[in-house]
Amino acid sequence: MTRRKPIHPRRDGVTLIELLVVASIMLTIAAVSVPSIKPMMESQATARGAQTVATYLERAKSRAKATRRPCGVVFEYFDGTWDGGNIGSASLVLRQMEVPPSFSGYDTTSRVSVAPWQGLWNNGKKISEIYNYEAGWASFVSGEQEPKIQFNYIGPYYRIIYKDGLAYTDGSPAGPYFIEEIPGVETPVGRDFAYQIECDPRTTMTSPVGMPEGTVVDLEFSGSESNFFAKGKNVVVMFAPTGEVDYIIDDGERKNVADTLYFLIGRWDRISALGISDDGYETMAEDGLWNFEDPTNFWVAINTRTGVVTTAEVSEPFAYTLGDWASAVYESREFARFSKRNLGGR
């Protein structure tokens, strides 16, 4: 008995029309989904950036505790985001810094001498002349930004200042190195003091970390609770061995701060630029928002008293009058204080 072939043979594929219909449906779904997915992806990128910064700060704090020397992070200013006041200031790379071991001279016999105060003043503070004739000592001290010296390894540190050309009241030459007296503390006077000089922080061999693609640390709107960092400069946060913030370096100057520090983690295209519009600042972003106005961005906050590092989402844009953006930033930071959470761990 022979098998009869079916009148309509079985098909193994699909028609062109069916493929076009399926493709059209997929494109429609994608077009509807992209607007809602894009903010989520941007938020994930800035969240990763905030976690990167928080973790790196925590690592520096742990290093300070381990070495018993101040250690911190430098937020390197990215050249090209500021032109003397017209473009925003940002950082793309963070590096670890630490204070090297104290300098106590070139051998075990190194000593300094301090002369009694003889009527010299510096910015309203008494200064006493300090001597050290050891070869290389002067070049070492002048190479430090703000050297501080301790005598016989006990007591307070005194700031060393350079004042060339000074003369005493009797006309005899003085200097060029002096120590600035501390109010209420008796300055040691005499010869042959053993000493140690606290050195400036230096970058370490620890690998630097870069911000995730498309994200930045927006230094223009970063700062303390009621201040902003200087534009176009590196910002350094140094932790003490006890864990709290020892000091910061802002605008090239060492500063002690008591307020919480805030670093704004945002998007590259939201760095502010001046001159794009007639009414002032705008950004490269399509909606023109600045980083502190974008709720998908983050604040990284450092409690200077405890050293605790936390993060918080940027609040919804506040209503503010043109030119009063500083008030909006302060409000956003205040909001972050009450909604902060930990991404970097402790």
Side-chain angles (χ1 to χ4, degrees), residues 45-46 48-57 59-60 70-99 144-146 200-225 227-239 245-257 259-276 281-285 290-292 294 297-302 304 309 311 314 325-326 329 333:
T46 52
R48 289 196 306 272
Q51 185 172 14
T52 296
V53 172
T55 301
Y56 207 67
L57 287 165
R59 188 183 304 175
C71 183
V73 173
V74 54
F75 294 79
E76 287 192 350
Y77 155 68
F78 177 68
D79 190 15
T81 57
W82 188 69
D83 67 355
N86 291 336
I87 301 180
S89 186
S91 175
L92 300 178
V93 176
L94 281 62
R95 297 183 188 275
Q96 191 177 97
M97 301 189 75
E98 73 176 39
V99 172
E144 298 294 306
Q145 292 178 352
E146 190 176 342
D200 298 325
R202 292 163 171 76
T203 54
T204 69
M205 298 299 292
T206 302
S207 299
V209 64
M211 296 297 293
E213 184 177 0
T215 65
V216 299
V217 181
D218 192 333
L219 295 177
E220 180 175 9
F221 300 115
S222 300
S224 61
E225 291 181 13
N227 290 289
F228 293 88
F229 296 132
K231 282 188 177 183
K233 299 290 182 66
N234 292 347
V235 177
V236 180
V237 179
M238 296 296 296
F239 292 98
V245 173
D246 194 5
Y247 58 88
I248 67 170
I249 299 177
D250 177 31
D251 200 16
E253 298 181 4
R254 183 182 301 192
K255 302 176 181 178
N256 296 320
V257 291
D259 295 338
T260 301
L261 299 174
Y262 294 91
F263 289 89
L264 179 57
I265 313 303
R267 291 164 41 189
W268 170 258
D269 61 354
R270 294 201 187 285
I271 296 295
S272 67
L274 182 64
I276 296 179
Y281 286 93
E282 282 192 1
T283 69
M284 295 175 283
W290 300 348
N291 276 313
F292 75 86
D294 186 349
N297 291 340
F298 284 81
W299 290 105
V300 173
I302 309 171
T304 55
V309 181
T311 65
V314 170
W325 54 266
V329 176
R333 293 176 185 172

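Keep in mind that this is a model prediction, so the values were computed, not measured. Side chains are part of it too, since the values below use all heavy atoms of this structure and drop only hydrogens, waters and symmetry mates.
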Inset, instruction - May I ask you to decide if the ring planes of Phe221 and Phe228 are parallel, tilted or perpendicular, using 30° and 60° as cut-offs? - result: perpendicular
Legend entry - Flag, side chain of Thr46 to backbone of Gly266, donor-acceptor distance under 3.5 Å: no
Inset, instruction - Show your working on side-chain contact (heavy atoms from CB on, under 4.5 Å) between Val314 and Asp294 and close with a plain yes or no. - result: CA-CA 7 Å; Val314 170; Asp294 186 349; 5.8 Å; no
Inset, instruction - Check whether any side-chain heavy atom of Pro201 lies under 4.5 Å from a side-chain heavy atom of Ile249, and answer yes or no. - result: yes
Inset, instruction - Using a strict cut-off of less than 4.0 Å between a Lys/Arg side-chain nitrogen and an Asp/Glu carboxylate oxygen, indicate whether Arg270 and Asp218 qualify as a salt bridge. - result: no
Legend entry - Sidechain-backbone polar pair: Ser222 side chain, Leu264 backbone, donor-acceptor under 3.5 Å: yes
Legend entry - Donor-acceptor contact present, side-chain Asp250 to main-chain Ala230, <3.5 Å: yes
Inset, instruction - Evaluate the criterion side-chain contact (heavy atoms from CB on, under 4.5 Å) for residue pair Phe78 and Val93; output intermediate values, then yes/no. - result: CA-CA 8 Å; Phe78 177 68; Val93 176; over 6 Å; no
Legend entry - Ile265 side, atom CD1; Met211 side, atom CE - distance, nearest 0.5 Å: 4.5 Å
Inset, instruction - For Phe263, check ring-ring contact (aromatic ring centres under 6.0 Å, His included) against everything at least two apart and list the hits. - result: Phe75, Phe229
Legend entry - Chi angles and distances behind the side-chain contact (heavy atoms from CB on, under 4.5 Å) call for Lys231, Leu219: CA-CA 7 Å; Lys231 282 188 177 183; Leu219 295 177; over 6 Å; no
Inset, instruction - Would you name the heavy atoms of Ala301 and Thr260 that are closest together and state the gap between them? - result: CB-CG2, 4.0 Å
Legend entry - Contact summary for Phe239 and Ile302, nearest pair of heavy atoms: CE2-CG2, 4.1 Å
Legend entry - Counterpart residues, ring-ring contact (aromatic ring centres under 6.0 Å, His included), relative to Tyr247 (two or more places apart): none
Legend entry - Any donor-acceptor pair under 3.5 Å from Arg333 side chain to Ser224 backbone: yes
Inset, instruction - Heavy atoms only: give me the nearest Cys71-Met97 pair and the separation to one decimal. - result: SG-O, 3.1 Å
Legend entry - Least distance between heavy atoms, Val73 atom then Ala60 atom: CG2-CB, 3.8 Å
Inset, instruction - Please name all residues satisfying side-chain hydrogen bond (donor to acceptor under 3.5 Å, both in side chains) with Glu144, sequence neighbours left out, ordered by chain then number. - result: Arg202
Inset, instruction - Considering non-hydrogen atoms only, spot the tightest contact between Val216 and Asn291 and give its length. - result: CG2-ND2, 4.4 Å
Inset, instruction - Could I get the full list of salt bridge (Lys or Arg N to Asp or Glu O under 4.0 Å) partners for Arg254, not counting sequence neighbours? - result: Glu198, Asp200
Inset, instruction - Return the minimal non-hydrogen interatomic distance between Leu92 and Thr215, and the atom names on each side. - result: CD2-O, 3.7 Å
Inset, instruction - Taking side-chain contact (heavy atoms from CB on, under 4.5 Å) as the test, write out the residues that go with Thr204, two or more places apart. - result: Gln96, Glu98, Thr206
Legend entry - Partners passing salt bridge (Lys or Arg N to Asp or Glu O under 4.0 Å) against Asp251 (at least two apart in sequence or in another chain): Lys233
Legend entry - Within-4.5 Å side-chain heavy-atom neighbours: Val235 and Ile248: no
Legend entry - Polar side-chain atom of Thr311 near backbone of Val300 as donor-acceptor pair, under 3.5 Å: no
